[in-house]
Structure formats: C-alpha cells, structure tokens
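Okay, structure first, notes after.
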Amino acid sequence: MKFKRMKNSLLVKLLAAVAVSFLVAIVVMTVISQIILHLYNVKFLTTEDIGVTTYNVLVFLIFSFVILSFILTFLAITRNKLIYIKHITESINEMANGKLGLTIDMKGNDELSRLAENINSMSKELANKFEYERQLELAKNELITNVSHDLRSPLTSIIGYLDLLRKGEYSNPNQLNEYLHTSYSKSKRLETLINELFEYTRLSSPDVKLDITEVNLMDVLEQLIGEYIPMFEKQKLTIIKTTPDEEIPVAMDIEKMIRVYENLLMNAIKYSVKPSEIHINVETLGSMAVMKIANRVDTPPVHDMNKLFERFYIGDKARRNNQGTGLGLAISRRIVELHGGDIRARYKDGWITFIVEHPLL
C-alpha cells in the first residue's frame with residue numbers, strides 16, 4: 001500500500017520525468033559526439049579546420065542541443081500534468097468570480113487529483129452555504145413582510161375604533177360596547193401574534209436550550225386530554241383513545257411539548273366537523289413513540305398538507321376566518337425538531353391526521 005502511494009506520488013513522477021529527460025539528453029549528446037567523431041575519422045574534419053572559435057561554437061551547439069532535448073523531453077512527459085494544473089487554476093478563478101458549485105474533473109491518483117477533490121468539496125460546501133445564506137435572507141425578508149402585514153391589520157382596526165371612541169362618534173351604549181369589544185379582541189389578537197412571533201424567533205435561535213426531563217408520555221397525555229374533555233364535549237366532539245397499557249419513557253421539555261399537543265388539540269376543536277369524533281392513537285414503533293390525532297373535516301385545508309407547518313401559512317378562506325396567526329404549527333414543528341422527532345400531517349377520506357414522533361429513552 002505504501003509502495004502504491006509512492007508510485008502515485010507527484011514527486012516520484014516528476015523525478016522519473018527528470019531521469020528520462022536526462023537519459024534522452026545523454027543519448028542526444030552521445031549521438032552528436034559519434035557524428036562528429038565519424039566526420040573526423042572520414043577526414044571530413046581535421047584539426048587544422050577546427051580553430052578555437054569553431055571549437056567553442058561547436059561545444060556550445062552540442063550543449064544547446066543536449067539542454068533543448070532535456071527540456072523538450074521533460075515538457076512532453078509532463079504536458080498532461082501542466083495542462084491539468086492550468087485547468088485547476090482556471091477553475092479556481094471561476095469559483096472566485098462567483099461560480100460556486102463548479103467541480104474539476106478528476107484525473108489520475110496523485111496529489112493533483114487529491115487537490116482537485118478537495119477543491120470540489122470546498123466548492124460544493126461554499127455553494128451549499130451560499131444557498132443556505134440566500135434562503136435565510138429570503139426567509140428573513142418574508143418574515144418581515146408577513147409580520148408587517150399581520151401586525152398592521154389589527155393595529156389599524158384598533159386605531160380606527162379608538163379614534164371613533166375619542167371623537168365620541170357612537171350613537172348609543174350598545175355601539176360603544178361594540179367598539180370597545182372589537183378594539184379589545186383586536187388587541188388580544190395583536191398580543192397573541194407578538195407572543196407567537198417572539199416564541200418562534202426564540203426557538204429559531206441556535207442557542208435555544210431545552211429543560212429536559214424524563215417522563216412517562218402516557219401520564220402527560222392523559223392529564224392533558226382530561227383537561228380538554230369539557231371543551232370537546234361543549235363542541236359536541238367525542239374522544240376515541242387507543243393507547244397502550246405500558247409506560248412510554250421519553251425525555252422532553254414538558255412545557256414546550258405540551259404546547260405542541262395543545263396546539264394540535266385546539267386545531268382539532270377549531271376545524272372538526274361538529275358533531276364528530278376525534279381519534280387519538282399512541283403507540284411505539286422501533287425507537288420512536290408515535291402519537292396521532294385525527295379529526296374529520298369538510299374539505300382538505302390545502303393540497304400539500306405539510307404546507308400547514310410553514311410560517312404564517314393559514315390556508316384557505318374558511319381557515320383564515322378562524323383568526324389563526326399562521327405560526328402555531330411552525331412553532332410546533334420547531335419544538336419537535338429540537339427534541340429529535342418529527343411532525344407531519346396527512347389527509348385521507350375526509351380525515352386529517354397529525355402525526356408526532358418522539359424518540360424513546
């Protein structure tokens with residue numbers, strides 16, 4: 001193995017090229033010397049014909065031919081390597097001018113090919129980082145645009161109603177109460193949006209830390225579902241649970257994961273056909289604990305169900321009327337990802353199912 005690496009070494013190849021070029025130069029010098037000796041033997045040249053100047057010129061020409069033969073032979077042997085070096089140099093210049101992701105053809109198995117391989121890896125990594133930074137910039141601009149729009153709408157309404165109240169432009173106490181109620185509800189929506197925006201931004205930070213505790217997932221879910229039973233009954237929704245009898249040990253930030261489960265339960269309450277059933281299924285699959293919450297809906301909220309987890313995505317007109325912020329499911333996905341799990345949604349035959357996977361201990 002070591003011998004093979006030495007054989008493929010660029011230094012060894014260059015030394016071999018020098019040796020071959022040197023041998024060719026010796027052969028050329030030998031041939032020229034034999035020609036001169038032959039001419040001397042056949043009396044074509046004599047010592048009287050060769051003066052000091054002629055001798056010096058002859059020696060100069062012989063050494064010139066020898067050196068030229070050495071250079072030409074060396075260039076001929078290393079021509080492909082020189083062309084490859086030029087190709088690498090030109091490719092690096094193109095990368096430096098912004099053509100990230102460009103790759104260099106791999107030729108041979110020496111230091112130059114490994115250099116090309118390293119440059120290719122660097123180029124791909126820079127291209128990926130540049131694309132990631134571009135996506136972050138686009139996401140930031142989109143976030144600013146959506147936040148500006150979502151904050152402006154309730155704020156404009158609040159200012160409008162407060163202005164009416166300030167000017168006393170209401171005809172009776174009922175209209176006054178209506179203006180106050182609308183201003184208050186818009187203020188609460190504004191507060192909710194700001195809180196969820198703050199939470200999403202905080203969770204998106206690379207420095208976010210979880211307060212991890214080892215718990216039995218079934219205990220957490222049983223307590224949470226029990227608290228929501230009155231709300232389900234009020235909305236004429238029946239809970240159908242399918243859960244295992246044994247414990248399901250997991251490590252989680254209880255406060256954050258409860259927010260995920262609450263968000264899914266509230267979505268089920270908001271968008272379910274009423275009266276109907278809500279199915280909650282918990283099971284273990286391999287190394288994951290899997291919880292499914294399924295509820296019946298009139299129509300699928302969107303063709304691609306996983307769009308629901310995008311920031312500020314609210315869906316069709318029917319869902320927008322429910323005054324969602326479009327951040328709840330995005331926050332849920334981020335929390336689940338921080339726990340090393342996965343969350344997704346699917347729609348089939350009038351049922352929408354949210355699936356949360358959480359690593360087992």
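M257 has its side chain out of reach of V220: every pair of non-hydrogen atoms, C-beta onward, lies at least 4.5 Å apart. Using a 4.5 Å cut-off on side-chain heavy atoms (C-beta onward), I293 and I355 make no contact. At least one side-chain heavy atom of I269 sits less than 4.5 Å from a side-chain heavy atom of F232. Contact annotation: the side chain of Q235 never approaches that of S272 to less than 4.5 Å [non-hydrogen atoms, C-beta and beyond]. Using a 4.5 Å cut-off on side-chain heavy atoms (C-beta onward), T73 and F22 make no contact. Residues I278 and I240 fail the side-chain proximity criterion, which asks for heavy atoms closer than 4.5 Å. Here the side chains of I239 and Y228 are not in contact, with every heavy-atom distance at 4.5 Å or above. By the 4.5 Å heavy-atom criterion applied to side chains, S21 and I77 are counted as neighbours.
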Determine, step by step, whether I248 and V250 satisfy the side chain to side chain contact (heavy atoms under 4.5 Å, CB included) criterion, reporting the C-alpha distance in whole Å, the side-chain angles of both residues, the deciding distance to 0.1 Å, and the verdict. CA-CA 6 Å; I248 301 180; V250 296; 4.2 Å; yes
Evaluate salt bridge (Lys or Arg N to Asp or Glu O under 4.0 Å) for E255 paired with R259, printing each intermediate quantity in order. CA-CA 6 Å; E255 181 182 351; R259 175 163 187 170; over 6 Å; no
Assess the residue pair L361 and E214 against the criterion (side chain to side chain contact (heavy atoms under 4.5 Å, CB included)); give the C-alpha distance rounded to whole Å, side-chain angles, the decisive distance to 0.1 Å, and a yes or no. CA-CA 8 Å; L361 283 178; E214 295 183 8; 3.7 Å; yes
Would D253 and K209 count as a side chain to side chain contact (heavy atoms under 4.5 Å, CB included) here? Give the steps. CA-CA 9 Å; D253 185 317; K209 295 188 185 329; over 6 Å; no
Show your reasoning for whether side chain to side chain contact (heavy atoms under 4.5 Å, CB included) applies to V282 and V290. CA-CA 6 Å; V282 182; V290 181; over 6 Å; no
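With rounding to the nearest 0.5 Å, the separation of CG in L224 from CD in E262 is 5.5 Å. In this structure, N120 CG and I88 CD1 are separated by 9.0 Å, a value rounded to the nearest 0.5 Å. Rounding to the nearest 0.5 Å places CE of M29 at 9.5 Å from OG of S69. Here the OG1 atom belonging to T243 is positioned 7.0 Å from the CG atom belonging to D245, to the nearest 0.5 angstrom. Here CG of L180 is found 11.0 Å from CG of L164. Values are rounded to the nearest 0.5 Å. Note that CD1 of I280 and CG of L221 are 8.0 Å apart. Values are rounded to the nearest 0.5 Å.
Cluster annotation: L210 and M252 are assigned to the same hydrophobic cluster (Ile/Leu/Val/Met/Phe/Trp/Tyr, side-chain heavy-atom contacts under 4.5 Å, transitive). By the criterion of side-chain heavy atoms lying less than 4.5 angstrom apart, applied directly or through intervening Ile, Leu, Val, Met, Phe, Trp or Tyr residues, L23 is not grouped with I32; the two fall into different hydrophobic clusters. L68 and F60 are assigned to two separate hydrophobic clusters, defined by single-linkage of ILVMFWY side chains at heavy-atom distances under 4.5 Å. The hydrophobic cluster containing L14 does not contain L72, counting ILVMFWY residues as joined when their side-chain heavy atoms lie under 4.5 angstrom apart, directly or transitively. Under a hydrophobic clustering in which Ile, Leu, Val, Met, Phe, Trp and Tyr are joined whenever their side-chain heavy atoms come within less than 4.5 Å, directly or via other members, I225 and V215 fall into the same cluster.
Remark: the N263 side chain and the S332 side chain contain an N/O donor-acceptor pair separated by less than 3.5 Å.
The aromatic rings of W351 and H279 lie perpendicular to each other, with more than 60° between the two planes, well past the 30° mark. Using bins of under 30°, 30° to 60° and over 60° for the plane-to-plane angle, the ring pair Y179/Y170 lands in the perpendicular bin.
Atom CD of E169 is surrounded by more than 12 heavy atoms from other residues, nucleotides or ligands within 6.0 Å. More than 12 heavy atoms of other shown residues, nucleotides or ligands fall within 6.0 angstrom of atom CZ in R202. Atom CD of E246 sits in a crowded spot, with more than 12 heavy atoms from other residues, nucleotides or ligands closer than 6.0 Å. No more than 12 heavy atoms of other residues, nucleotides or ligands lie within 6.0 Å of CD in E247, so this atom counts as exposed by the packing criterion. The environment of CZ in F65 is sparse: at most 12 heavy-atom neighbours from other residues, nucleotides or ligands sit within 6.0 Å.
T242 places no side-chain N or O within 3.5 Å of a backbone atom of N281 that could act as its donor or acceptor partner. Looking at R296, its side chain never comes within 3.5 Å of a backbone N or O of V273 through a donor-acceptor pair. At least one donor-acceptor pair closer than 3.5 Å links the side chain of S121 to the backbone N or O of E117. A distance-only check finds no donor-acceptor pair linking the side chain of D163 to the backbone of I159 [under 3.5 Å]. The main-chain N or O of I119 is never found under 3.5 Å from a side-chain atom of S123 such that the two would form a donor-acceptor pair. A donor-acceptor contact shorter than 3.5 Å links the side chain of N128 to the backbone of K124. Judged by distance alone, the side chain of H358 and the main-chain N or O of A251 form a donor-acceptor pair under 3.5 Å.
Looking at L115, L112, T89 one by one, the single match for side chain to side chain contact (heavy atoms under 4.5 Å, CB included) with Y84 turns out to be L112.
Contact detail for I158 and S183: the closest heavy-atom pair is CG1-O, 3.9 Å. The nearest pair of heavy atoms linking L203 to V208 is O-CG1, 3.8 Å. Closest heavy-atom contact between N295 and V297: ND2-CG1, 3.4 Å. What you find for A17 and T78 is that their closest heavy atoms are CB-CG2, 3.9 Å. Contact detail for K274 and K270: the closest heavy-atom pair is NZ-O, 3.5 Å. Of all non-hydrogen atoms in V18 and F70, the two that sit nearest each other are O-CE1, 3.7 Å.
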